[in-house]
Amino acid sequence: MSLGPGDEDLIRVAALARQRAYAPYSKYRVGAAIRTRRNKIYSGANVENASYGLTVCAERCAAWAAVAAGETKDWDAIAIVIDDERLPTPCGACRQVLVEFAPDLRVILATTGGLRNVTTLAALLPEPFRPENLA
Ligand code: THU
């Protein structure tokens, strides 16, 4: 897949959020930004803790921001940005959180140095466990 209109803007928002990452332990700073179909953007960065297991990834911070703003559907895309030689990839826990709200999400992977890849959550998380499974 390729980048669409507004995707570079979404990457820029994620890169800005990344600057606010709190990652003193891993030093691995991640920014994420979710765009809805109505063009609202919610961003987040990873937040670590001295009790390491309490760390929350950037993708989940962005997801919580969207949900806390009342946006629980119609998410169009997420951009994830790191400053590295290789592209980021969302962890399994974040894939599962994202699929709760946006099974058709486009996933834009980017580095501050200009690497880009566009994929889908469906490709990253086949056969997901979803709310329907509980019905
Ligand atoms: N992290 C993210 O924020 N997103 C990912 O997709 C992978 C990992 C964070 C968690 C932790 O703060 C650091 O990166 C190293 O695992």
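Atoms within each ligand, like the ligands themselves, are counted from 1 in listed order.
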Measure the shortest side-chain to side-chain distance between Gln96 and Arg60 over non-hydrogen atoms and say whether it is less than 4.5 angstrom. no
Which residue holds the protein heavy atom closest to atom 3 (O) of ligand 1, what is that atom called, and what is the gap in Å? Ala58 N, 2.9 Å
Does the side chain of Tyr42 come within less than 4.5 Å of Val67's, by heavy atoms? no
Is there a donor-acceptor pair closer than 3.5 Å between any side-chain N or O of Glu48 and the backbone N or O of Tyr25? yes
If you define the side chain from C-beta out and look only at heavy atoms, does anything of Val99 sit under 4.5 Å from Val97? no
Please tabulate, one pair per line, all N/O donor-acceptor pairs under 3.5 Å involving side-chain atoms of residues 80-91, not counting sequence neighbours.
unit_1: Asp83; atom_1: OD1; unit_2: Thr112; atom_2: OG1; d: 2.7
unit_1: Thr89; atom_1: OG1; unit_2: Arg95; atom_2: NH2; d: 2.8

Among all protein heavy atoms, pick the one closest to atom 1 (N) of ligand 1 and tell me residue, atom and distance. Cys57 SG, 3.6 Å
Does Thr89 have a non-hydrogen atom less than 4.0 Å from ligand 1? yes
May I ask whether Ala23 has any heavy atom positioned less than 4.0 angstrom from an atom of ligand 1? no
Do me a favour and list the nearest non-hydrogen protein atom to atom 16 (O) of ligand 1 with residue, atom name and distance? Tyr28 CD2, 4.8 Å
Flag the pair Glu71 / Lys40 as yes when at least one side-chain heavy-atom distance between them is below 4.5 Å, and no otherwise. yes
Cys94: heavy atom below 4.0 Å from ligand 1, yes or no? no
So do the side chains of Asp104 and Leu121 get within less than 4.5 Å of each other, counting heavy atoms only? no
Give the atom numbers and elements of ligand 1 that come within less than 4.0 Å of a heavy atom of Cys91. 6 (O)
How far is atom 9 (C) of ligand 1 from its nearest protein heavy atom, and which residue and atom is that? Asn46 ND2, 3.5 Å
Proximal atoms of ligand 1 relative to Ser26 (non-hydrogen, under 4.0 Å): 13 (C), 15 (C)
Check: of Arg18, Arg29, Glu48, Glu59, min heavy-atom distance to atom 11 (C) of ligand 1 comes from Glu48
If the threshold is 4.0 Å, N to carboxylate O, is there a salt bridge linking Asp76 and Arg38? no
Counting non-hydrogen protein atoms only, what is the nearest one to atom 10 (C) of ligand 1? Give residue, atom name and distance. Thr55 CG2, 3.8 Å
